[in-house]
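See below for the structure under consideration.
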Amino acid sequence: MTGGITSPDHGWRQADHGPATQRTTKRRRRGGGRGRGEVAMVDDVEFTSYYGRQIVKTPVWKSPDVPLYLFLGGAAGSSSILAAIADLTDRPTLTRVGRITAGGGAILSVVALVHDLGRPERFLHMLRVFKVTSPLSVGTYILSPFSAAAGATAAVEILGWFPRLKRFGGVVSALFGGPLATYTGVLLANTAVPSWHAAHTQLPFVFGGSGMAAGGGISMIFTPVDEAGPARKMAVAGAAIELAVVHKVENDHGILSEPYHEGRPGKFMRAAKACTAAGAGLTVLAGRRRWGAVASGTLLAAGSLLTRFGVFEAGIASTKDPKYVVIPQRERMAAANGQARSVTR
């Protein structure tokens, strides 16, 4: 599959005395007695790119800053929606918990983002231009009003001031909550990172469902069970969406799904699915009991966090091996050539 990709007759020029782009070793097959005169040779090919360099640059985003930003934004966005629902259905404790979670998550997500950027003024520079075709630009203009509204609402909720302003801020943050929970999936998929881009139609749903599971789970932990009905429903629905779509991400994209199963990303993804499935099941079975609400909420929040780390690490891993760029490219070219031949016949 990968043989000859970097050979001279395939268009890649190799400089004199440069590092080999394919390292081939020959191994004599043992077997048969002396005098049979049969020598079988097997080539072992180790695939590397030209001069051993990556084809796609690894993003400069840092861990744990970016995975934490993804998790906190999703939890904050879904919590703001949950708080608005609780306010309309007269659940004061759930309303308070949702607003504080949304405000705290929004502030911490901005802190994680600024820390990743290195200097606070870089975040302010992102506000100078609004470009509708750029997920990063659009996301900045989602995060900024959401953080302002959710942070102000959480502050007046804690202080007990301005009840009308509190409700207005809650509505504004809820309007931006859904886009905040999902735009990060669009942001990752819009890059050239192979295993993110391949799942461009699925990552927003993964992050949206994961955010619902986290927001609902955190609210279950701090809310009396008789008020936590909407939180339980949101958590179970989000977990179901996350598990279903993650399954497609891990299995529908051929070789580009491989990083989600292997190494460090694979460990994160397996742990995430275990926590999310266990948390959803425990919510259904024991979510109306205090211990069950705390345990299932903790599992759901942990599963959401681990999903973010797993997706992030899988994308990073896919940039470091050239096969994740070249093999899908050759498959697309072969498919296009096959279609062209069928049309000309």
Side-chain angles (χ1 to χ4, degrees), residues 59 61-84 97-117 120 122-123 126-127 134-154 169-170 172-191 196 199 202-219 234-235 238-239 241-242 245-246 268 272 276 300-313 315:
W61 298 334
K62 298 188 290 289
S63 181
D65 294 342
V66 172
L68 284 174
Y69 167 70
L70 302 176
F71 166 73
L72 291 167
S78 60
S79 295
S80 67
I81 297 172
L82 188 58
V97 169
R99 287 172 174 170
I100 294 174
T101 302
I107 294 170
L108 290 175
S109 67
V110 172
V111 171
L113 177 59
V114 170
H115 188 266
D116 179 69
L117 292 172
R122 288 178 176 169
F123 178 74
M126 294 164 66
L127 296 171
S134 168
L136 181 61
S137 178
V138 173
T140 303
Y141 277 88
I142 292 173
L143 177 63
S144 299
F146 176 85
S147 300
T153 303
V172 172
S173 59
L175 290 175
F176 285 95
L180 180 69
T182 55
Y183 99 88
T184 47
V186 179
L187 175 63
L188 296 187
N190 196 52
T191 66
W196 291 345
Q202 295 154 349
L203 284 184
F205 292 96
V206 172
F207 284 10
S210 182
M212 291 169 62
I218 293 170
S219 296
M234 175 179 280
I241 293 170
E242 177 184 356
V245 186
V246 162
F268 278 130
T276 301
L300 289 166
S304 178
L305 178 61
L306 289 167
T307 295
R308 300 310 206 282
F309 273 93
V311 170
F312 180 80
E313 295 287 348

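We count residues from 1, following the sequence as given.
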Quick one: does any side-chain atom of Ser219 pair with a main-chain N or O of Gly216 as donor and acceptor, under 3.5 Å? no
Atom pair CZ (Phe71) and OG (Ser210), whose distance is rounded to the nearest 0.5 Å: 8.0 Å
Are Thr307 and Val206 close enough that some pair of their side-chain heavy atoms sits under 4.5 Å apart? yes
Return the set of residues passing side-chain hydrogen bond (donor to acceptor under 3.5 Å, both in side chains) with Thr276 (not counting sequence neighbours), or none when no residue passes. none
Using distance alone, with no hydrogens and no angle criterion, decide if Ser173 and Ser80 have a side-chain donor and acceptor under 3.5 Å apart. no
Arg308 CZ to Ser63 OG distance, which is reported to the nearest 0.5 Å: 13.5 Å
Tell me the closest heavy-atom pair linking Ala213 and Ala239, and the distance in Å. CB-N, 3.9 Å
Report the relative orientation of the aromatic rings in Tyr69 and Tyr183; use parallel for angles under 30°, tilted for 30 to 60°, perpendicular for over 60°. perpendicular
Spell out, as yes or no, whether a donor-acceptor pair under 3.5 Å connects the side chain of Thr182 to the backbone of Gly178. yes
Donor-acceptor check, side chain of Trp196 to backbone of Val311, threshold 3.5 angstrom: yes or no? yes
Interatomic spacing from OG1 in Thr153 to CD1 in Ile100 - rounded to 0.5 Å: 11.0 Å
Atom pair CG (Leu72) and CG (Leu113), whose distance is rounded to the nearest 0.5 Å: 11.0 Å
Could you report the tightest heavy-atom contact between Phe146 and Ala102, atom names first, then the distance? CE2-O, 4.1 Å
Between Gly185 and Phe207, what is the shortest heavy-atom contact and its length? N-CD2, 3.3 Å
Measure across Ile81 and Gly177 and return the closest heavy-atom pair with its distance rounded to 0.1 Å. CD1-C, 4.1 Å
Under 3.5 Å, side chain of Asp116 to main-chain N/O of Trp61, donor-acceptor pair present? no
Determine whether more than 12 heavy atoms belonging to other residues, nucleotides or ligands lie under 6.0 Å from atom CZ of Phe205. no
Supply the atom-to-atom distance Leu70 CG to Phe309 CZ, rounded to the nearest 0.5 angstrom. 9.0 Å
Which pair of heavy atoms, one from Met234 and one from Met212, lies closest together, and at what distance? CG-O, 3.6 Å
Examine distances only and state if a side-chain atom of Ser109 and a backbone atom of Ala106 form a donor-acceptor pair shorter than 3.5 Å. yes
Closest non-hydrogen atoms of Ala149 and Val172, given as atom of the first, atom of the second and distance, are CB-CG1, 3.7 Å
Test Leu203 against Thr184 for side-chain contact (heavy atoms from CB on, under 4.5 Å), laying out the working first. CA-CA 8 Å; Leu203 284 184; Thr184 47; over 6 Å; no
Can you measure from CZ (Phe312) to CG (Asp65) and round to the nearest 0.5 angstrom? 9.0 Å
